[in-house]
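Every chain is numbered from 1, with letters handed out A, B, ... down the list of sequences.
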Amino acid sequence: MSVSTRTGFFQRAYGIVRQIPAGRVATYGQIAAMLGEPRKARFVGFAMHSSPGVAGGVPCHRVVFKDGALAPGFAFGGPEAQRALLEDEGVGFLPDGRVDMHAFQWEA
DNA sequence: GATCTGACTCATG
DNA sequence: ACATGAGCCAGAT
């Protein structure tokens, strides 16, 4: 039984998020789809909450809503901090305060 | 081990 | 355009 066989859905989610290059963002549903389970989009978010953090190799700040919006109130210190991190990586934001998915959504 | 909950998303009112 | 409901299923209590 390899680690992947474990229930560790979270662990697999981390694996996907870890592959998101800097200056790119992915949606929860997109990551879930990469796991082969597009219905578990919620758990991808949960995994981020429980994630070891950027220092742990999980740039959860690169994971956003399908709309390009950020998690309100649950992002590390607030969506503003998340936005700051993304902008620092070169991600552009729309006047609406959302990520420009049209230009920065990550494609495997 | 049943119940509740939830960083989502889609459909409907 | 915004609010609410429902579906999804694994983790926490």
Side-chain angles (χ1 to χ4, degrees):
Chain A
M1 333 218 285
S2 40
V3 270
S4 300
T5 45
R6 269 221 279 184
T7 0
F9 171 85
F10 283 39
Q11 196 65 30
R12 279 196 278 170
Y14 301 152
I16 298 293
V17 176
R18 199 174 349 222
Q19 292 170 61
I20 305 176
R24 284 283 131 128
V25 295
T27 70
Y28 297 102
Q30 181 180 346
I31 293 166
M34 288 177 177
L35 292 171
E37 318 248 0
R39 297 163 161 72
K40 294 168 60 161
R42 296 177 104 179
F43 283 92
V44 176
F46 250 1
M48 301 300 103
H49 192 119
S50 208
S51 77
V54 185
V58 184
C60 40
H61 62 271
R62 293 184 192 145
V63 187
V64 298
F65 278 68
K66 208 180 168 218
D67 248 0
L70 311 179
F74 283 94
F76 24 106
E80 290 188 31
Q82 186 169 2
R83 174 180 165 175
L85 283 167
L86 292 173
E87 288 190 302
D88 184 60
E89 292 183 343
V91 176
F93 278 73
L94 294 172
D96 298 0
R98 298 177 300 172
V99 177
D100 187 352
M101 304 300 288
H102 184 69
F104 294 102
Q105 181 165 21
W106 174 50
E107 309 174 49

Only one of A/E89, A/M48, A/R18, A/Q82 passes side chain to side chain contact (heavy atoms under 4.5 Å, CB included) with A/R62, and that residue is A/E89

Here the distance between atom P of B/dA7 and atom CG of A/D67, to the nearest Å, is 18 Å

Atom CD1 of A/I16 and atom P of B/dA7 are separated, to the nearest Å, by 22 Å

For A/A13 and A/I31, the nearest pair of non-hydrogen atoms, with its separation, is O-CG2, 4.4 Å

From CD of A/E37 across to P of C/dC9 the rounded distance in Å is 8 Å

note: A/F9, atom CZ; B/dG6, atom P; distance rounded to Å ~ 18 Å

- Item | A/K40 vs A/L35, side chain to side chain contact (heavy atoms under 4.5 Å, CB included): CA-CA, chis, key distance, verdict | CA-CA 9 Å; A/K40 294 168 60 161; A/L35 292 171; over 6 Å; no

Considering only nitrogen or oxygen atoms on both sides, find all protein atoms under 3.5 Å from nucleotides 1-4 of chain B and state each distance.
none

Rounding to 0.5 Å, atoms CG (A/D88) and CZ (A/R83) come to a distance of 13.0 Å

Closest non-hydrogen atoms of A/F10 and A/S50, given as atom of the first, atom of the second and distance, are CE2-CB, 3.7 Å

Of A/K66 and A/G45, the one whose closest nucleotide on DNA chain B sits nearer the 5' end is A/G45

| Sugar-phosphate, base or nothing in reach of A/A47, heavy atoms under 4.0 Å | nothing

*Describe, in one word, how the ring planes of A/F9 and A/F43 are oriented to each other, choosing from parallel (under 30°), tilted (30 to 60°) and perpendicular (over 60°).*
perpendicular

Could you tell me whether A/A71 contacts a base, only the sugar-phosphate backbone, or nothing, with contacts defined as non-hydrogen atoms closer than 4.0 Å?
base

Rounded to whole Å, the CZ-P distance (A/F43 to C/dA10) equals 7 Å

Between CE of A/M48 and P of B/dA7 the distance, given in whole Å, is 13 Å

Query - Below 4.0 Å: OP1/OP2 of B/dT9 and any side-chain N or O of A/K40 - result: no

When rounded to whole Å, the CZ to C1' distance for the pair A/R12 and C/dC9 reads 13 Å

| Do side-chain atoms of A/Q30 reach the backbone of A/W106 as a donor and acceptor pair under 3.5 angstrom? | yes

note: A/R42, atom CZ; C/dG5, atom P; distance rounded to Å ~ 14 Å

